[in-house]
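First up is the structure itself, then whatever we jot down about it.
Heavy atoms only: backbone and side chains are in, while hydrogens, waters and symmetry mates are out.
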Amino acid sequence: MEPVVYNQSFILSYTEFILLGFPGISGWRPLLAIPSFSVYLVILSGNSLIICLIYTDKTLHSPMYLLMSVVFAISITISTAILPKFLLDLLFHLNQVSLTGCLLQMFSIYFSSTCESSVILLMSLDRYVAICRPLRYHNIMTKRLLISMTIIAIIRNCLLICPLVLLTSMVQFCKSNIILHFACENMALLSLACGDTTKPQIAGLIVRILVNVLDAGLLLISYSTILYTVMKTVIGKSRHKALNTCGTHILVAMLLYVTGLASSLVLRMDTTLSIDTKNLFTVLYLLGPAFLYPFIYGLRVSEIRKSLVKCWRKQNNLFS
């Protein structure tokens with residue numbers, strides 16, 4: 001695809017790109033279709049199964065499980081924004097993408113990721129009220145509050161991601177039209193830019209700071225208060241259950257924020273690490289949590305585990 005000529009600035013800018021993930025193993029890239037499809041299948045089936053369980057089992061209709069189902073839905077959204085396109089590239093070499101398509105993919109990935117962080121933050125609020133204000137839980141955690149907090153989260157995330165995508169769209173790409181990445185990641189796309197990319201880079205850094213630092217900081221405060229209350233006032237089986245539930249949420253939050261921070265740091269290392277390594281860290285951040293969530297929640301949350309066992313026994317009785 002020939003670059004577009006901008007008459008005013010006499011700069012050539014590409015409007016069509018080629019996604020080339022894991023370029024260091026070009027001869028073996030088609031084999032990546034096997035693990036990629038397997039991961040996508042597990043993400044779709046595992047997350048969809050637990051969403052269906054939460055929807056059908058009336059005992060799981062509390063705010064905590066509804067928020068969990070949103071996390072599972074976001075996981076499916078992120079993986080669907082990435083893996084089908086990547087599989088088409090690996091199997092049929094259909095790896096071309098327009099600038100508009102690239103920016104849309106970037107928006108869907110980043111917006112979904114920031115929404116995931118917001119929902120996990122809301123889950124910490126739910127646990128805080130349930131453990132620290134148990135008598136007022138049903139008065140505080142109402143559907144109205146959840147809807148209001150969801151709207152606030154959507155507005156916040158739009159205000160974070162839209163400027164990033166808009167500033168990236170204003171950059172002129174003249175170095176190459178080959179994105180050495182399996183998805184339209186901001187830093188990978190900006191590496192093809194000519195001229196000043198300070199504004200979109202600062203916008204990306206602000207998103208990382210607000211999501212990874214601010215949200216993680218609020219989570220830390222929330223769960224520190226929860227753990228202090230549990231150790232001080234709760235005893236016996238109730239303490240064990242509260243610690244197990246909070247431990248699960250903390251594990252999920254750490255998985256999300258640690259992989260996100262590691263991916264952000266690795267992508268900003270210019271020559272220290274190979275392109276394939278940077279691609280791998282992005283995979284761990286974008287797809288790793290989505291792959292592990294069904295196993296973490298399915299094994300560690302007793303109510304979901306019991307519901308899964310009940311569903312399994314019902315299916316066995318049906319076939320018997």
Side-chain angles (χ1 to χ4, degrees), residues 32-84 86-87 108-109 111-124 126-127 146 150 182-183 215 219 223 241-260 262-263 280-316 318:
L32 291 175
I34 298 172
S36 298
F37 179 74
S38 301
V39 166
Y40 190 43
L41 189 62
V42 170
I43 290 173
L44 284 181
S45 57
N47 288 279
S48 298
L49 173 62
I50 300 183
I51 289 173
C52 290
L53 280 177
I54 292 172
Y55 179 75
T56 55
D57 193 338
K58 292 183 179 180
T59 62
L60 300 179
H61 284 187
S62 65
M64 183 180 77
Y65 297 106
L66 293 176
L67 290 171
M68 281 185 193
S69 66
V70 175
V71 172
F72 297 134
I74 291 171
S75 298
I76 293 172
T77 302
I78 294 174
S79 59
T80 302
I82 297 169
L83 285 174
F86 186 46
L87 286 169
S108 62
I109 292 171
F111 179 75
S112 299
S113 298
T114 52
C115 283
E116 186 176 19
S117 177
S118 300
V119 174
I120 288 175
L121 190 58
L122 284 176
M123 289 169 69
S124 73
D126 173 81
R127 290 301 86 200
L146 288 176
T150 301
F182 60 89
D215 286 8
L219 276 168
Y223 283 117
K241 182 179 179 180
L243 289 174
N244 181 70
T245 304
C246 291
T248 302
H249 294 322
I250 292 170
L251 177 62
V252 166
M254 285 182 62
L255 179 65
L256 178 67
Y257 293 120
V258 170
T259 55
S263 173
L280 181 60
F281 271 86
T282 306
V283 168
L284 293 175
Y285 167 51
L286 294 177
L287 302 178
F291 180 84
L292 293 174
Y293 285 161
F295 298 102
I296 294 173
Y297 284 115
L299 294 174
R300 289 185 57 89
V301 180
S302 60
E303 287 80 2
I304 292 178
R305 187 171 64 248
K306 289 175 184 177
S307 184
L308 283 169
V309 171
K310 186 167 65 176
C311 181
W312 175 262
R313 287 176 179 172
K314 190 180 292 184
Q315 289 294 326
N316 283 342
L318 187 65

Return yes if some donor-acceptor pair links the side-chain N/O of Asp215 with the main-chain N/O of Leu121 below 3.5 Å, else return no.
-> no
Heavy-atom pair of closest approach, residues Ala290 and Ser75 = CB-CB, 3.5 Å
Under 3.5 Å, is there a donor-acceptor pair between the Thr59 and Tyr65 side chains?
-> no
Atom pair OG/CD1 of Ser108 and Ile82 - distance to nearest 0.5 Å | 8.0 Å
Less than 4.5 Å apart, any side-chain heavy atom of Thr245 and any of Met64?
-> yes
Evaluate the side-chain proximity of Val283 to Val39: yes if any heavy-atom separation is below 4.5 Å, no if none is.
-> no
Here the gap from Leu87 atom CG to Phe182 atom CZ, rounded to the nearest 0.5 Å, amounts to 11.5 Å
Atom of Pro289, atom of Leu284 and distance for their closest heavy-atom approach | CD-O, 3.1 Å
Does a side-chain heavy-atom distance below 4.5 Å link Leu83 with Leu287?
-> yes
Any sub-3.5 Å donor-acceptor pair from Thr114's side-chain atoms to Phe111's backbone N or O?
-> yes
Are Tyr40 and Thr80 close enough that some pair of their side-chain heavy atoms sits under 4.5 Å apart?
-> yes
Atom CD1 of Ile74 and atom OG of Ser117: how far apart are they, to the nearest 0.5 Å?
-> 9.5 Å
After noting the C-alpha distance and the side-chain angles of Leu60 and Met68, does the key distance pass the side-chain contact (heavy atoms from CB on, under 4.5 Å) rule?
-> CA-CA 10 Å; Leu60 300 179; Met68 281 185 193; over 6 Å; no
Counting distance only, does the side-chain N/O of Thr248 pair as donor-acceptor with the main-chain N or O of Asn244 below 3.5 Å?
-> yes
Counting distance only, does the side-chain N/O of Ser263 pair as donor-acceptor with the main-chain N or O of Thr259 below 3.5 Å?
-> no
Check: Tyr297 and His249 side chains under 4.5 Å, non-hydrogen atoms = yes
Picking from Thr150, Ile54, Leu122, Ile120, what satisfies side chain to side chain contact (heavy atoms under 4.5 Å, CB included) with Leu67?
-> Leu122
Side chains of Met123 and Val71: does their closest heavy-atom pair fall under 4.5 Å?
-> yes
Minimum heavy-atom distance between Thr77 and Ser112, given as atom pair plus value = CG2-OG, 3.6 Å
Is any side-chain heavy atom of Ser69 less than 4.5 Å from a side-chain heavy atom of Tyr55?
-> no
Rounded distance [0.5 Å steps], CG in Leu299 versus CG in Leu308 = 8.5 Å
CD1 of Ile76 to OH of Tyr293, rounded to nearest 0.5 Å, is 13.0 Å
Measure the spacing between OG of Ser79 and CG of Leu44 and express it to the nearest 0.5 Å.
-> 5.5 Å
Any donor-acceptor pair under 3.5 Å linking the side chain of Asp57 with the backbone of Leu53?
-> no
Which pair of non-hydrogen atoms, one from Phe86 and one from Ser36, has the smallest distance, and what is that distance?
-> CE2-OG, 3.5 Å
For the residue pair Leu256 and Glu116, establish whether any side-chain heavy-atom pair is separated by less than 4.5 Å.
-> yes
